Amino acid sequence: MSSSSSWLTSPSCTLLPIDSSSSTPQLILQWLTFLFLSPCPQRLLLSALDSLFLLSLLASAVHKLYSRANTTSSITKPLLKEKDSDYRVTLWFKLTLLVTTLLAITYTVLGILAFTQTNNLSSWKQIEAPFRLFQAVVNIVIVILMLHEKKFKSSKHPLSLRIYWIANFVIASLFAISAVFRIVNASEEKLELSLRIDDIFSLVNLPLSLFFFVISIRGSSGIHVIRISDVVATYTSVPTDGNLSPYAGSSFLSKTVWFWMNPLINKGYKTPLKLEDVPSLPLEFRAEKMSENFINNWPKPEENSKHPVIVALFRCFWKHIAFTGFLAMIRLCVMYIGPLLIQSFVDFTSRKDSTTSEGIILILILFAAKSVEVLSVHQYNFHSQKIGMLIRSSIITSVYKKGLRLSSSSRQAHGTGQIVNHMAVDAQQLSDMMMQLHPIWLMPLQVAVALALMYSYVGVSVLAALLGTSIVFLFALYRTKSSNNFQFQMMTSRDSRMKATNELLNNMRVIKFQAWEEYFGNKIKQFRESEHGWIGKFMYYFAVNFGVLSAAPLVVTVLTFATATFLGFPLNSGTVFTITSIIKILQEPLRTFPQALIMISQATISLGRLDEFMTSKEMDENAVQREENCDGDVAVEIKDGKFSWDDNDENDALRVEELVIKKGDHAAVVGTVGSGKSSLLASVLGEMFKISGQVKVCGTTAYVAQTSWIQNATIKENILFGLPMNLDKYREALRVCCLEKDLEMMEDGDGTEIGERGINLSGGQKQRVQLARAVYQDTDIYLLDDIFSAVDAQTGSFIFKECIMGALKDKTVLLVTHQVDFLHNVDSIMVMREGRVVQSGKYDELLKAGLDFGALLEAHESSMKMAETSDKTSNDSAQSQKLARIPSKEKESGGEKQSSSEDQSKSEKTAAKLIEDEERETGQVNLNVYKQYFTEAFGWWGIALVLAMSVAWVASFLAGDYWLAFATADDSSILSSTFITVYAVIAVVACIVVMVRGFLFTYLGLKTSQSFFIGMLQCILHAPMSFFDTTPSGRILSRVSTDILWVDIAIPMFINFVLIAYLQLLSIVIVICQNSWETVFLVIPLFWLNNRYRIYYLATSRELTRLDSITKAPVIHHFSETISGVMTIRSLRKQNTFCQENIDKVNASLRMDFHNNGANEWLGFRLDYNGVVFLCTATLFMIFLPSSFVKSEYVGMSLSYGLALSGLLSFSMTMSCNVENKMVSVERIKQFTNLPSEAPWKIADKSPPQNWPSHGTIELNNLQVRYRANTPLVLKGISLTIEGGEKVGVVGRTGSGKSTLIQVLFRLIEPSAGKVMIDGINISNVGLHDLRSRFGIIPQEPVLFQGTVRTNIDPLGLYSEEEIWKSLERCQLKEVVAAKPEKLEASVVDGGDNWSVGQRQLLCLGRIMLKRSKILFMDEATASVDSQTDVVVQKIIREDFADRTIVSIAHRIPTVMDCDKVLVIDAGFAKEYDKPSRLLERPSIFAALVKEYSNRST
């Protein structure tokens, strides 16, 4: 077979002598080897195939021209595309065109080189040059053919082209087999240079031919014809956007080298970018498209998929993933060409007979290989990030839609905080995974190729390298498993922390009232300690992994060289540095593989969490039979209904035997607290789990919740709720909901922006806004849950008469109420007890029957007796009657007009714009931010220590390579044992330095992040209430979730990478310049150009990162808001509108992401290409300088360093930019560590006595209050004294300033003027916790926290179990709690949603019963309980707090009738303050209110 070997390496076209003694099969094998594997016949074979292909194309063209000449109609038919259709070019077509173009260029270059070579055989030159040029012509023809396909919108490739590609793949395989054989067996001396180049090209060409083979099998050209009508239909929801991303219409070249980013980068460089400057996403990347795609690819139920999320994602994006895999393969094919050329360069410089053309060819090959590598790397990065972005878009929109469909128990089980994490963290983890997906399967290939190449140099010594690599792999795999657990625990702890933080932010007002900031702060700190502990374990694990993987190449090199020396393999400088370069390349998969495993493991955990969430139980849409335009007279019907709040609990919480409400009827639902009234409404809406029975609803529904749900938008937008403006209907809705006067008092009227959760509206105003929203929707059926609880008597009467019995007179109304006095006006009444309808019928029927309804009426009548009796004393007064009829006008003239109109004119526009745009820095991240980060842990000493260890790391590696060059020089006399021993010692030192540095870096990073978090938490806890009123919780949550995540993990990692990268870069430049001194002149322009690019890029990237952070917060905030109001949204069938809002916000966020990724690769590609040019220029100087200047061993060392230059330049610059971009998170956190603080919680030298307040006397002296500077006064000079032990009732119209008075007494708002004295001590001089902890308060909105009954009634754990039970008994909840299996440990979910609003208020009352403060404030404390319970509670309060000072705000007049004094506040003034009896004896506003209340039922 020696002749076969000769044929494989000979460029000759003549048949070499054949061994005639061989058997016939052997002769045939030799002939076949010559025909298919010898270079010359292979070329003839491929040329024949090319000729046949060109002839077939020519014949086809002639046939078509002939057909056209004989068909008159087609002559005049235009060849341009038809107007009613368009086409879309997919990645398949673009990629095919790109690869064909690259092949045409490559063949042309190789053909020209073949002509110019002087050392070739003339016969071979005559074959090689025409062959290459012929190949170039064929590929140019294919390019023209494909452009022709595009012009005529051909969806299929011609059959002739497909056959050609299949045959071409077969022949390319033969070329590759020959190449492998020659590389493994042929010696350098026997092999022609042109054949060596040909072998490298054949190996690169094989995967490209395989790609064409796949294309030919598929048949599709990648051009999809689309009718314009279809496009319009598809994107009807997409607004026409003139500011579309240039990517959408850019050319192939522009997309290849990111020219399309130039306009945005230019704009960003000239001026800081604003939101409107960033173009919108191309249509195919929009969130609506991704959401639709994800839903269409979701596994069908019959598939019974256990992991539906990953299945759906794979179906959506497998083509994109395959394309990035192809790009990764191209890179793999060219990445080892550089190391293979080192030996050639060393030989070239050491030989005396080297020619210039040979050197130029080597440099051109190096340049071409590195260029393809750079382009493929950055295209891979960009497209991987793009897939990640699209996956994030799909996940966020899908999670949002799922959130709108969740059943009540599923929503409670997951909690808002956890679902926010699905959107903020899990979606990001899956997005980040895409960069690390392909390294998982590429790594074995990279290692296999590397080991094969090393085998050709050091033979079986490669087994040592294989052993070392295997040990590192096993180590990485073992460590990743533990890291997996850390990741899971870390995310679980983060979920708990986010839930607690969300709860803190949502209930901050109550927490401040009760002085519980420290308790909740400690609770969050405990969760953070747990989370930080797991982060620490994860980061130390990472530090060890990183250290081992960084030192691994050095250790593997020592093992390989030691084995080679022992086995007697010669080690010259060319071999040594080829091996080290290959091992350095091997370092990348070794380093990224564990990182990829970590990312995959994180993503796997996230996928598991998402699977659990996405498969959670949904609200059963079929539980309620809904018909919108049905016949018949029944609007709502329930038969044999059994309902539960728990999807898995068969024990019914509500049972309805039969319920029929006719169209146009007004039905009322009454009953004591916790009797199931709100549950009945929920069952009609389908919000409860239906165990059995039938529910039928005929018509559209509107629901008004007991707890107001208001959006962070203007009043007008809240009322319109997505409907177009109908002015008459809108004005009528405002009128019947009594909102006209309120809007007149607001500077911007209905254009006033409502803060998050409606913080700048009173409880009554919020209730009336949401009622107006329901009225404006003009539905058939209205479900109203206790809408009168938060409004005063007069307003309640007006709403009942004008709205319920007026605007809604022809509608079906189901009204839950405790206002018994309205009941005689309704058509039917249902009385509930313990989840059952125990009585139903008309008012008179129930009155006769007595029972439960009788008990309710009796309680109400007893509470009314005093009001009616008192009213008679003043009934003779004409003035009183006048006040009763028109109290609001009296108040307007008496109050509002006197209230300095000057104040009104002065008020800033900020009154309307309550929620300001988020603060963001512009320009470079301030150096002070870097200083704060780096010096937070140990000051400047920490920085010095890290720098010293980093320099030691790079120096130890550099020492190893210099030792290699010195010891393997041709004139070296160093013994092999000495060579290996010294090298091993250097390796051990390097390993120690790497490990110590890793632990040091991790410790500093962890200490810094924890310090930042604690600082931010403390500032948030100490911030005044005005901060929470004007800052959406999403803005705070984004800092304590995403930003802290970056500071915890990403920033330390990035800084670690950047520091080493820059020091390695410096070492490379030193080594190259030492051996090629002319390169010094290139270094300065190289770094100047690269720095110029960096500055140019950073100006844009930094702003995009800031805008990205700003646009992410609204996505989270909108979701939190949606979950809170999901019952209202679902009742009005507005899910699609809210989904579209979510999509718009996601698109706004993703466009920042997309263009930021584009900017990153724009920079990276240019930097790497500069590095390629620098390397090739330096190599040119090195190989053409006289050997006396440059020693051949240092040429190998310089090249082994220089090959890493292009990637390292880009890596170092990109990482430094990443650091700056991520430093925006530090900047944002620092904004929240410098918040304005409220007064100190405790003042050491001004602590009040332990028994303060001992009497409970409150003195107000000219008290004036405004919410913010330059806004009108809310309280306008109130002066009065409340004696210790007095019971004072505070009444007044909604929005008059009653709740503001209480906030001032607790110093949630500081007085603008005047003072408040309690038992002779000015409260402004007392620490806030000393002040607030001494008072008791039952706030207007009852708030429960996630936990148990015990933790809610006694959060600080100060009281015994006996005291808690006694308190529950006094607040009428003992039976309810005792009935639960867990007793005091009974669960309270987030927001207390598993307890009725009335029960929540009673639990809040229970807290105060325990506390027994000397001064008690009650803000509508029993507004949500029935009259019967109210009477009992008021009696208990009178008994338990007989000697206490009580200030009670109430809308129920009977509640304040037995008070010692009544304070009437109107428009910020204390209009009346006296005993109730005295106020009733004379014309007064209070008398008018009593009159109105007693007349409500008439």
Side-chain angles (χ1 to χ4, degrees), residues 412 415-417 496-530 1017-1018 1020-1022 1025 1028 1238 1241-1242 1302 1306 1308 1327-1371 1373-1374 1376-1377 1380 1382-1395 1397 1399-1419 1421 1440:
Q412 288 175 10
T416 307
S496 302
R497 177 172 64 81
M498 288 300 294
K499 271 186 180 179
T501 308
N502 197 44
E503 190 172 59
L504 172 86
L505 297 176
N506 287 339
N507 304 308
M508 186 55 88
R509 189 177 300 275
V510 171
I511 289 168
K512 285 193 176 295
F513 271 138
Q514 306 282 8
W516 287 342
E517 293 101 324
E518 284 181 308
Y519 169 75
F520 280 90
N522 290 333
K523 188 176 170 184
I524 291 171
K525 280 180 192 173
Q526 285 174 4
F527 288 129
R528 173 62 183 175
E529 287 295 336
S530 170
L1017 179 63
Q1018 287 302 318
I1020 289 171
L1021 291 173
H1022 282 83
M1025 199 60 223
F1028 300 98
E1238 59 184 355
W1241 286 346
K1242 292 185 183 294
I1302 288 184
F1306 277 82
L1308 257 63
L1328 292 181
H1329 277 194
D1330 283 332
L1331 174 72
R1332 294 168 184 169
S1333 62
R1334 307 293 175 95
F1335 298 164
I1337 181 168
I1338 306 173
Q1340 189 169 7
E1341 291 182 9
V1343 170
L1344 298 187
F1345 303 97
Q1346 187 171 16
T1348 63
V1349 171
R1350 184 194 299 276
T1351 59
N1352 267 279
I1353 204 163
D1354 179 23
L1356 306 182
L1358 301 175
Y1359 304 98
S1360 68
E1361 191 161 319
E1362 185 184 347
E1363 288 174 308
I1364 293 172
W1365 278 114
K1366 188 176 179 183
S1367 170
L1368 288 171
E1369 183 180 10
R1370 301 298 282 163
C1371 69
L1373 278 179
K1374 183 178 180 181
V1376 176
V1377 176
K1380 293 183 181 289
E1382 307 92 342
K1383 303 292 190 286
L1384 290 178
E1385 304 308 316
S1387 168
V1388 177
V1389 302
D1390 191 12
D1393 289 343
N1394 58 336
W1395 296 73
V1397 177
Q1399 287 170 332
R1400 286 181 235 166
Q1401 275 197 326
L1402 293 177
L1403 265 175
C1404 292
L1405 180 62
R1407 287 179 194 150
I1408 303 308
M1409 298 285 187
L1410 273 177
K1411 199 173 181 182
R1412 298 190 60 78
S1413 306
K1414 190 68 181 176
I1415 300 177
L1416 173 63
F1417 297 94
M1418 300 170 65
D1419 191 353
D1440 281 29

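What you see is a predicted model, and the numbers here were worked out from it, not measured in a lab.
Counting all heavy atoms, side chain and backbone alike, S1367 lies closest to G1406 at OG-O, 2.7 Å. Heavy-atom minimum distance, F1345 versus V510: CZ-CG1, 4.4 Å. The minimum heavy-atom distance between W1365 and V1377, with the atom names listed, is CH2-CG1, 3.8 Å. Contact between A515 and S1333 at its shortest, heavy atoms only, is CB-N, 4.1 Å.
Counting heavy atoms from C-beta outward, F527 and T501 have side chains that stay 4.5 Å or more apart. Residues L1021 and I511 form no side-chain contact, since every pair of their non-hydrogen atoms from C-beta on lies 4.5 Å or further apart. Side chains of V1343 and N506 form no contact here, defined as non-hydrogen atoms less than 4.5 Å apart. Counting heavy atoms from C-beta outward, W516 and P1355 have side chains that approach closer than 4.5 Å. The shortest distance between side-chain heavy atoms of R1407 and N1352 falls below 4.5 Å. Within the 4.5 Å cutoff, the side chain of F1028 has heavy atoms near those of the L505 side chain.
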Acceptor/donor pairs from residues 519-526 side chains to any protein atom, 3.5 angstrom cut, sequence neighbours excluded:
residue : atom : partner : partner atom : Å
N522    : ND2  : E518    : O            : 3.1

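We find the CD1-CG distance between I1302 and L1308 to be 11.0 Å, quoted to the nearest 0.5 Å. A distance of 15.5 Å separates CD1 of I1408 from CZ of R1370, quoted to the nearest 0.5 Å. Note that CZ of F1335 is 4.5 Å distant from CD1 of I1415, once rounded to the nearest 0.5 Å.
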Tell me, with the steps shown, if L1373 and L1405 meet side chain to side chain contact (heavy atoms under 4.5 Å, CB included).
CA-CA 10 Å; L1373 278 179; L1405 180 62; over 6 Å; no
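Applying the salt bridge (Lys or Arg N to Asp or Glu O under 4.0 Å) test to R1334 and every residue at least two apart in sequence or in another chain returns nothing. In terms of the ring-ring contact (aromatic ring centres under 6.0 Å, His included) criterion, residue partners of F513 (sequence neighbours excluded) are, by chain and number, F1306. Under the rule for a side chain to side chain contact (heavy atoms under 4.5 Å, CB included), the partners of T1351 that lie at least two apart in sequence or sit in another chain are T1348. For the side chain to side chain donor-acceptor pair (under 3.5 Å) test, residues two or more places apart in sequence or in another chain that qualify with E1363 are S1360. For E1238, the side chain to side chain contact (heavy atoms under 4.5 Å, CB included) partners two or more places apart in sequence, or in a different chain, are K512, E517, P1024, W1241, L1328, R1332.
For R1350 and E1361, the salt-bridge test passes: some basic side-chain N is under 4.0 Å from an acidic carboxylate O.
With E503 contributing its side chain and Q1346 its backbone, the two residues share a donor-acceptor pair below 3.5 Å. Using modelled atom types, no side-chain atom of R509 and backbone atom of M1025 make a donor-acceptor pair closer than 3.5 Å.
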